[in-house]
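First up is the structure itself, then whatever we jot down about it.
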Amino acid sequence: MLKKKCFYYHAFRRFICLMLTGMVFTSANGSVTLDSSNVLDKIKGCWLGQIAGVDWGAPVEQSFCGAIMPENSIPVWSPGMINTSYTQDDIYCENAWIKAMRDSGVNCNWHVFGQYWVQTTFQLWCGNDAARHNIWSGMAVPTAANYLNDPDWFETLDFEIEADWCGLVCPAQIQSATDLGWRAGHVIGYSDGVYGGVIVAAMHAKAFTATTLDEIIQAGRQVLPVGCKTRSVVDDVLLWKSQGLPWDSTWTRLHNKYYYSPTNNGQAKCIDGALCIGDVFIGLLYGNGDFEQSVRLTVKCSDDNDCTASTCGGILGAWLGYAKIPDKFKSAMDPDAILQANEFTFNQVTNLTFSLAKKVTLFNGGTISQGQWTIPDQGPIIPLILEMKPNTANAMPVVTATATPASGGMVNFTASASDADGIQAYQWFYGDLSYGDSANTTHHYLANGTYTAICYTADRTGNTGYKEISVNVTNATGASGTTTMVLSPASLTFAATHGATSPAAQTLQIANSGSGTLNTVSTGISYTSGSGWLTVAAGGSGNAQTLINTVALGSLAFGSYVATVTVACANAQPTTATYSVAFQVTAPISVTPGVVTWGSPAYVKDSTDVVKTGTLKYAYVWIGTDRTLNSVPFKGTGSATNVGTSPYDLTIAPVSGSVAPGVDQMAFRVPDGVTGTYGNMLQAGLFVDYADKYTITLNNLTSGHNYQIQIWSCDAYYDGGNTTITCGDSVVLDKSKVNGLGAGQYVIGTFTAGATAPKLTFSGTQGGSGDKGPVINALQVRENGTTGVIAPKGNIVAAGANLQNAQNARIYDVRGRMIGISPNGKLPQNARSGIYLLKSADASVKIVKQ
């Protein structure tokens, strides 16, 4: 009777666990089965949790570094806050990584990750920015993020804040999540700058099957090697929590030990990767699994609290799932609004993540059938090799490594290393989302193909060296019965200018990641817009099949055209796969040489008014002596006729019937509220009486090149009046100090130089007795080369405006600040009405009305 009661009791407990975890079933061989809808719910929950966390913490980001945030300073959550994350790097940085996997395969190597990272155009800071710059400068991964080349940021939380994807695409596959975190993390950081991302990745992967929060925490903890700072932080927080310390006492001990440590100084304190993981753990442990309380507590921990709150929210969101997150965090969200630096909507990024999770699961020998995911057991968690910056200058270990294929997909690996400090450990990363210890080992590959394997070794100081080798597998047996189609790339993009010839064909590869051979494939095309413009032809056979995609320009009107191609193979799992094809047809652009288009005038504020976009051609100020403002050198001039040396940069002349202009350096005064060099350079100017006009001809320009001109108009002595500048288009500047908005105005115009030099006409109105007419105090001309065309005034109506010929163009505002890219032919959502500079490989770029 007792045994029978125990049986029913344990059966009931098992039923409850299945209900709580979304029907997770563990088989006798260790594999787990997940429900497809539950996997998607957890992926959506993680993305929502990340967004909610960063939105909640952003208003007080780093406001109380080194101190607990006062209760009354914590932002009060309101549902509308969920839509304020569009420009948060915690969210948009994940673009590069998942796009690399989407386009190059789920086991793409770290060089591919580096290529996608260096191609990003969104704004970055600290380690993220340093890595991108170093790769752009020619450094290879992982050298670009090594402590020798990035001494300031290699251990900060940069990769930690964007590593959520590593775990989301590896549901219940902790070893694969760790492998991804290690390889992608070394694009950005070193040592604890990588471990912070790896622990986040492992915790997300475990969240798909965990029945308790402790399982998630322990999974993350176990991948960290003993001796790294991140592991020490985690162990300390767990210890102090187990001792019954309240959260604020744990926080105080954590900061006394790590924040105020003599080795932790400078501006990196608030973004120290290990310390910020400690804040995340405080939120998780003391929030007791409650989403709102945990994220709120992480915000209160006050370090880089929008980042830590985003990580905490992501982990809990992956564990709880979207459905169980309180409505207040999702009720106002628009799932089809553009997120992720204007590339993905919430629905798009969650669906892409879900698609990658499928591919990883199948790649690792799992199966997906009738909504059930069966995921093989990846064995016990293997701690990563210990990597540390040596205390003194230290040469990296020198590694030699070989790979010898054997039968059935088995490969024998051997490695040796030498170092003056002695070798501490070896670890192999096999290039198929798995890794293992020891110098000499054997690994089984499930599918044929070429893999990039890496042998890592560490000396006794923790300094690491590595060796990459290529492994060609030709006789893999794979997982029994699997034949899986993998399409690469997952999407194709064509572009053509109306009136040109159709673009060249593109090839899409069909590979098999399982053990069998693909039968002949068939294709079908469905058009979202337009019809008949795409042709798909099959080539090759078996596991070396291709699809040749050709688009025909024909008589298609301007616009975007999208098609979805379905590839079918009767013996594949699943039997169908899809990819998208986009075709952008743009209109040829015409530019009127020498006609200036003007941006909106802006009131004079401070020295950052001076733009630095492009290359300075010349700059002048009529104060009479040289000035430098915002690092731009202005030459002083007192001339009202010819400026510069022959051949003159500027030619000044009265308009017929007008009095010749003069220079006034006495009557004008320093504008109110403008101090220093800026105010001084604006107290004199070129002028005529309000009834007269004059012209300035811009000389010494190169025909066909694009230029910006910035002009200041300020008369601080009199109120009222304006200056009108005309060169094909006109703009009116308020040159007075009225309205409380600033001392005069400046404007930026753009034009393409032609055979005839641009001539600007200046006219004005009188603002008071004795007031001057048109005034110009300073002028600069900057060249933008031939890689961009400025949009004409009035042609931008709002964010989201269409862009002609602007595929992947970098978009800058007129002050030289990059605001994003235009991958889908749209102006980014964070752009406002105005004038923008587009830099693209295509010189024909223009913004048009929606």
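Heads up: numbering here begins at 1 and tracks the sequence. Hydrogens, waters and symmetry mates are skipped; everything else that's a heavy atom, side chains included, is used.
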Mind telling me whether H443 and Y445 have parallel, tilted or perpendicular rings, with 30° and 60° as the class edges?
perpendicular
What distance separates C170 SG from F208 CZ, expressed to the nearest 0.5 Å?
9.0 Å
Please lay out, stage by stage, how T452 and E468 fare under the test side-chain hydrogen bond (donor to acceptor under 3.5 Å, both in side chains).
CA-CA 7 Å; T452 302; E468 286 183 82; 5.4 Å; no
Might you point out which heavy atoms bring Q173 and P171 nearest each other, and give the distance in Å?
NE2-O, 2.9 Å
Please determine whether a side-chain nitrogen of the Lys or Arg among R460 and D419 lies less than 4.0 Å from a carboxylate oxygen of the Asp or Glu.
no
The reported gap from NZ in K359 to CG in N364 (rounded to nearest 0.5 angstrom) is 14.5 Å
Parallel, tilted or perpendicular: ring planes of F429 versus Y435, cut at 30 and 60 degrees
parallel
Taking only Lys NZ, Arg NE, NH1 and NH2, and the carboxylate oxygens of Asp or Glu, determine whether D103 and K99 approach each other closer than 4.0 Å.
no
Quick one: does I199's side chain get under 4.5 Å of F281's, heavy atoms only?
yes
Smallest separation among heavy atoms of K42 and A207, with atom names
NZ-O, 3.3 Å
W165 versus M101: any side-chain heavy-atom pair under 4.5 Å?
yes
Anything under 30° is parallel, anything over 60° is perpendicular, the rest tilted; go ahead and classify W428 against F413.
tilted
To the closest 0.5 Å, what do you measure between CE (M139) and CG (N134)?
4.0 Å
Which one of V486, D432, L433 satisfies the side-chain contact (heavy atoms from CB on, under 4.5 Å) criterion with V106?
L433
Does atom NZ (K467) have a neighbourhood of more than 12 heavy atoms from anything else shown, all under 6.0 Å?
no
Answer yes or no: is there a side-chain heavy-atom contact under 4.5 Å between S491 and Y579?
no
From the options F159, W110, Y92, select the one residue that forms a ring pair (Phe, Tyr, Trp, His ring centres under 6.0 Å) with W97.
F159
For P225 and P383, which heavy atoms make the closest approach, and how far apart are they?
CA-CB, 4.5 Å
Which atom pair, heavy atoms only, marks the closest approach of G436 to I382?
CA-CD1, 4.3 Å
Do R253 and D236 meet the salt-bridge criterion of a basic N to acidic O distance under 4.0 Å?
no
Could you check D459 against T461 for side-chain hydrogen bond (donor to acceptor under 3.5 Å, both in side chains), going step by step and ending with a plain yes or no?
CA-CA 5 Å; D459 66 20; T461 72; 2.7 Å; yes
Before you tell me yes or no, could you show the steps for N412 and T404 under side-chain hydrogen bond (donor to acceptor under 3.5 Å, both in side chains), namely the whole-Å CA-CA distance, both residues' side-chain angles and the distance that decides it to 0.1 Å?
CA-CA 5 Å; N412 298 317; T404 305; 5.9 Å; no
State, to 0.1 Å, how close I216 and K206 come at their nearest heavy-atom pair, and which atoms those are.
CA-CG, 4.0 Å
Looking at every heavy atom in both V226 and L386, which two are closest together, and how far apart are they?
O-CD2, 3.9 Å
Does atom CH2 of W136 have more than 12 heavy-atom neighbours, drawn from other residues, nucleotides or ligands, at distances under 6.0 Å?
no
Flag side-chain contact, heavy atom, 4.5 Å: S470 against T450
yes
Quick check: are there more than 12 heavy atoms from other residues, nucleotides or ligands sitting under 6.0 Å from NE2 of H133?
no
Considering only heavy atoms from C-beta outward, does the side chain of Q509 approach that of L487 to under 4.5 Å?
no
When rounded to the nearest 0.5 angstrom, what distance separates CG in N146 from OG1 in T464?
7.0 Å
Determine the interplanar angle of the Y456 and W182 rings, folded into 0 to 90°, and report it as parallel if under 30°, tilted if 30 to 60°, perpendicular if over 60°.
perpendicular
